[in-house]
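Below is one structure; the comments refer to it alone.
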Amino acid sequence: MQSNKKLLVLPGDGIGPEVVNEVLRVVDWLAKKRSVTFDVEEGLVGGAAYDAHGTPLTDETLADAVDADAVLFGSVGGPQYDDLPFEEKPERGLLRLRKEMDLFANLRPAMVFEAMAGSSTLKRDLVAGLDILILRELTGGIYFAQPRGIEDLGDGTKKGFDTNLYTTPEIERIGRVAIDLARKRRGKVTSVEKANVMMSGVLWRETMTTLFSAEAEDLETEHMYADNCGMQLVRYPKQFDVIVTDNLFGDMLSDCAAMLTGSLGMLPSASLGAVDEVTGKRHALYEPVHGSAPDIAGQKIANPIAELLSFSMALRYSFEMSDDADMIDGAIERVLASGIRTPDIMADGMVRVSTNVMMDSILRELDNVV
Ligand code: IPM
Ligand code: MG
């Protein structure tokens, strides 16, 4: 049967295929138990695409991604690809998807499930109940701006350089997403840059200041330097609601925020494009914050929760299926509360399980609600 929900699945490398395959069991479950069918296609990305086609992302796969209602991404990379030329590295496949699909808004929630508050490296009361959102600009800044390169200086030395560049519209559009998200949350936006050192940071702060006074009078807004933000995240993370920042600072601060929760294996993300005024649709890619973890790949011990929570974000943001997303999130919460743990989140007195047994337990919980 043809469905109107096109999901392109790109498992990628390392633990990517292991966790994506587990999530496809939930896709099947939705078809069986909730009569919601997705039109699932699978493609190659990263090292897997390089091995098959000599490029980390083919034009065909890119076209499929643009055409899909949502892309569910696993992870890319592995030591066997370390010596490839820069443009052929697995990560370039992901970066090209982000850029060509114009996925400028990257939502990285860092929340702590009640049952997991003890797993953080921070003291329990600092993180229990934590629910913050890092909004990272994803298609601009130092990741993409020109000029960049490595040049010979002619004296036996070289220079390597990158450009950090943001325009007013780029800053405004990510700022508007932050405002929108904060309105649906606790009403606070922290805009983060280094306006004390960088010209792109000066423009970022000016633009956000103007935008906030024109469009976010109802919200609590503030500005913070990126280094201080890193420090505040580990000092007292609950002061934040939505943190909006550029591509590079967002990369770093979201890893830092991820660690507050106790496991990188638990955190999802959504990368969204602009809403098309005619169709009402937006390009979207959902991926866990964790990478391909080559050190544990193939051992069936990876935590599938970040990938499943990414799919749950897809249900929320691309398919208007918040009820089903709540159901999945609830099932995860109850499984964690029952003490079931993959090794990355294992603690005293808990039950250690493999990737697929974790998903068995989540599916059992789902069966209990329908
Ligand atoms: C991330 C990753 C990527 C990034 C890599 C894999 C290119 O670290 O999504 O945070 O730097 O953006
Ligand atoms: Mg990163």
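Each ligand, and each atom within it, is numbered from 1 in the order the structure gives.
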Do other residues, nucleotides or ligands put more than 12 heavy atoms under 6.0 Å from Gln146 CD?
yes
For atom CG of Leu153, is the number of surrounding heavy atoms from other residues, nucleotides or ligands below 6.0 Å larger than 12?
yes
Have a look at Glu91, Arg136, His290, Glu287 and point out the one with the heavy atom closest to atom 12 (O) of ligand 1.
Arg136
Backbone, side chain, both or neither: what part of Arg92 comes under 4.0 angstrom of ligand 1, heavy atoms only?
neither
Phe212-His223 aromatic ring centre distance below 6.0 Å:
yes
What about the rings of Phe38 and Phe311, do their centers lie closer together than 6.0 Å?
yes
Could you identify the N, O or S atom of Asp251 positioned closest to the Mg ion (ligand 2)?
OD1
Row check, Phe104 ring normal vs Arg173 NZ/CZ: under 6.0 Å, within 45°:
yes
Identify, for [atom], the protein heavy atom at the shortest distance, and state residue, atom and that distance.
{"atom": "atom 1 (C) of ligand 1", "result": "Arg108 NH2, 3.4 Å"}
{"atom": "atom 2 (C) of ligand 1", "result": "Asp251 OD1, 4.0 Å"}
{"atom": "atom 4 (C) of ligand 1", "result": "Tyr143 OH, 3.4 Å"}

Scanning both residues in full, the closest heavy-atom pair of Leu44 with Thr61 reads O-CG2, 3.7 Å
Is any N, O or S atom of Asp255 under 2.8 Å away from the Mg ion (ligand 2)?
no
